[in-house]
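As the structure is a prediction and not an experimental result, all values here were calculated from the model. Here is how names work: the chains are called A, B, and so on, in the same order as the sequence lines, proteins then strands, and each is numbered from 1. The analysis underlying the following values was restricted to heavy atoms, covering all of them including side chains, and did not include hydrogens, waters or symmetry mates.
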2 protein chains.
Amino acid sequence: MSIDQAPSARGLSTGPRLGSRASREAILLAARARFAKDGFSGSTIRGIAGDAGVDASLVMQYFGSKNELFAAVIASGPNTISRIAEAFDGPEASLGERVTRAFFEVWDGDPGESEPLQALLRAAIGSEQAATQLRDLIQERVLVDLGPRLQHDADMKTRIEIASSMLVGVVVGRRLVGLDALVRQDRDSLVGYIAPAIQAILSAGAHSAQLGVVM
Amino acid sequence: MSIDQAPSARGLSTGPRLGSRASREAILLAARARFAKDGFSGSTIRGIAGDAGVDASLVMQYFGSKNELFAAVIASGPNTISRIAEAFDGPEASLGERVTRAFFEVWDGDPGESEPLQALLRAAIGSEQAATQLRDLIQERVLVDLGPRLQHDADMKTRIEIASSMLVGVVVGRRLVGLDALVRQDRDSLVGYIAPAIQAILSAGAHSAQLGVVM
DNA sequence: GAAAGTTCTCAACAACTGTTGAGAACTAAA
DNA sequence: TTTAGTTCTCAACAGTTGTTGAGAACTTTC
């Protein structure tokens, strides 16, 4: 009945505590990898549980449902958009290269950072529901992180979405589809190819009538 | 036993023929739309059959299996890559615009043309098997259609794959994810934003050391 | 030792999946 | 009308899916 019956007057109680976080994290790790590789509907809870060396029902016990597990995977990623947003600070002449490089570091680098993003992208392309989730994430974060850096300018927002889509497209071609000429390139030479194009998208406003946006 | 027992010495025989092609085509149409919308594993034969106003087993009877139905949908699309390849013919100054416009006409236009492509892309992003299928398709067709137009140049092949990935990325952002600033733009203004970037990718070889490729 | 609390597994359910075989419903020829 | 051939549906299969509830196995406190 009463809460204060706790054994040693603390929140800690009797049972085993060591395995708890370890299994939970193993599940999250396995789910991250599988969602990134097979998409949402292509991944199964039994498969994830098997990878984590755990029974499927434990996954349910920790995360409630497959949808919540997926949400936990997405939430487990660090705030990548703010890292990309930081690339907007600096001289305009090298804007394309900074943004391109930041994108590759986030999407093409450490699995802990890239796998949740790839999972979200795969799921978003695979189902309308996840697409809404991704859309909202972009909508929120981009406004929060990029808003202060740029004046509210519909044209610049369009340019950012185009440039982002292009960069994501290259990552999709390289990592998800596996186009061989893209896979073979190392990151630096890819940046060499791509940065001028991104620069053309992002800084073209400076050549047109209404400008003074970025700097 | 013998084949020549056919009633009127023709290939035509007794049963109803009207429904045949109509149902087959209705199934193919429904499958095209659903694969494009929900991906491969997200689509069900029962759902496709329901859209076509037909029992699920009829789908099996016509196409044998879900995989073969998918292959039929992919094969039903016209040869889009050759249409894009044609855009490479012409003055180099407007190469970016021609290619960009051709891409949008193919990927963002008539459902009969764009839906098989979107279906293949969704499936390729959703599973490794379909990714191989897409990779092979690109490998074959690009070499066949673009090979004669360009000299065999690894650098140009890389540039083409990058530009294609970028354009596909924009289509994904616009059609599959639904980024609102991209959805709002009409095609012409999108081309206005994007063409210079594609031009930068495709014709940048002319500015670098080893050149003479495109012209 | 017993008791309490935690972590985890077993077995099963209900729904849905692709797929199959048998037989209706219909159409055209005899 | 009978017969043969075609188009299509019904009912069911075996497997997999997410999900659930009961109870083992283990750890700490008394």
Side-chain angles (χ1 to χ4, degrees), chain A residues 1-28 30-31 34-35 38-72 126-127 129, chain B residues 1-28 30-31 34-35 38-72 126-127 129:
Chain A
M1 291 287 196
S2 69
I3 298 174
D4 300 44
Q5 283 182 346
S8 53
R10 290 259 207 98
L12 292 173
S13 42
T14 54
R17 270 161 256 121
L18 292 173
S20 173
R21 280 185 193 166
S23 289
R24 217 191 107 100
E25 200 153 345
I27 292 169
L28 210 54
R34 268 204 120 100
F35 281 138
D38 302 329
F40 181 79
S41 56
S43 303
T44 69
I45 289 195
R46 281 177 174 82
I48 291 168
D51 289 356
V54 154
D55 188 85
S57 67
L58 191 66
V59 177
M60 305 301 298
Q61 211 149 356
Y62 275 131
F63 296 96
S65 72
K66 192 186 180 184
N67 282 317
E68 291 174 87
L69 173 62
F70 183 76
S127 87
Q129 181 196 351
Chain B
M1 291 287 196
S2 69
I3 297 175
D4 300 42
Q5 283 182 347
S8 52
R10 290 261 206 97
L12 292 173
S13 41
T14 55
R17 270 160 255 124
L18 291 173
S20 173
R21 281 185 193 167
S23 288
R24 216 190 108 100
E25 200 153 344
I27 292 170
L28 210 53
R34 269 204 120 101
F35 280 139
D38 303 328
F40 182 77
S41 57
S43 304
T44 69
I45 288 195
R46 280 176 175 83
I48 290 168
D51 288 356
V54 154
D55 188 84
S57 68
L58 191 66
V59 177
M60 304 300 299
Q61 209 148 357
Y62 275 131
F63 296 95
S65 73
K66 191 186 180 185
N67 283 317
E68 292 174 86
L69 174 61
F70 183 77
S127 87
Q129 182 195 351

| request: Take atom CZ of B:Phe63 and atom P of C:dT19, then tell me their distance rounded to the nearest Å. | output: 13 Å

| Is any N or O donor-acceptor pair between the side chain of A:Ser57 and the base of C:dC10 shorter than 3.5 Å? | yes

| said: Measure CD1/B:Ile27 against P/C:dG18 and give the value in whole Å, please. | reply: 14 Å

| What integer distance in Å separates A:Ile48:CD1 from D:dG18:P? | 8 Å

| said: Measure CZ/A:Arg46 against C1'/C:dC8 and give the value in whole Å, please. | reply: 16 Å

| remark: From the candidates D:dT19, C:dC8, C:dT20, the one with an atom nearest any side-chain atom of A:Leu58 is C:dC8

| OP1, OP2 of C:dC16 versus side-chain N and O of B:Thr44: anything below 4.0 Å? | no

| Any side-chain heavy-atom pair from A:Val54 and A:Ile48 closer than 4.5 angstrom? | no

| remark: Here the pair of heavy atoms bringing A:Ser41 nearest to B:Gly42 is OG-N, 4.4 Å

| B:Asp55 CG - D:dC8 P separation (whole Å) | 11 Å

| request: Would you classify A:Ser41 as touching base, sugar-phosphate or nothing, given that sugar-phosphate means primed atoms plus P, OP1 and OP2, and contacts are heavy atoms under 4.0 Å? | output: nothing

| remark: Rounded to whole Å, the NZ-P distance (B:Lys66 to C:dT20) equals 15 Å

| request: Please tell me which of A:Ala56 and A:Gln61 maps to the more 5' nucleotide of DNA chain D, matching each residue to the nucleotide holding its nearest heavy atom. | output: A:Ala56

| query | B:Tyr62 side chain: which of D:dC8, C:dT9, C:dG18 is closest? | reply | D:dC8

| message | Distance check needed: D:dA11 P versus B:Met60 CE, whole Å only. | response | 19 Å

| query | Any idea which heavy atoms bring A:Ser43 and A:Arg34 closest together, and the distance? | reply | OG-O, 3.1 Å

| remark: Testing D:dG21, D:dG18, D:dT9 for proximity to the side chain of A:Ile45, the answer is D:dG18

| Can you check the A:Glu68 CD to D:dG18 C1' distance for me, whole Å? | 13 Å

| Using the ring of each side chain (for Trp, its six-membered ring), is B:Phe70 parallel, tilted or perpendicular to B:Phe40, with breaks at 30° and 60°? | perpendicular

| field | Over all atoms of both residues, closest heavy-atom pair of A:Phe63 and A:Glu68 | value | O-CB, 3.0 Å

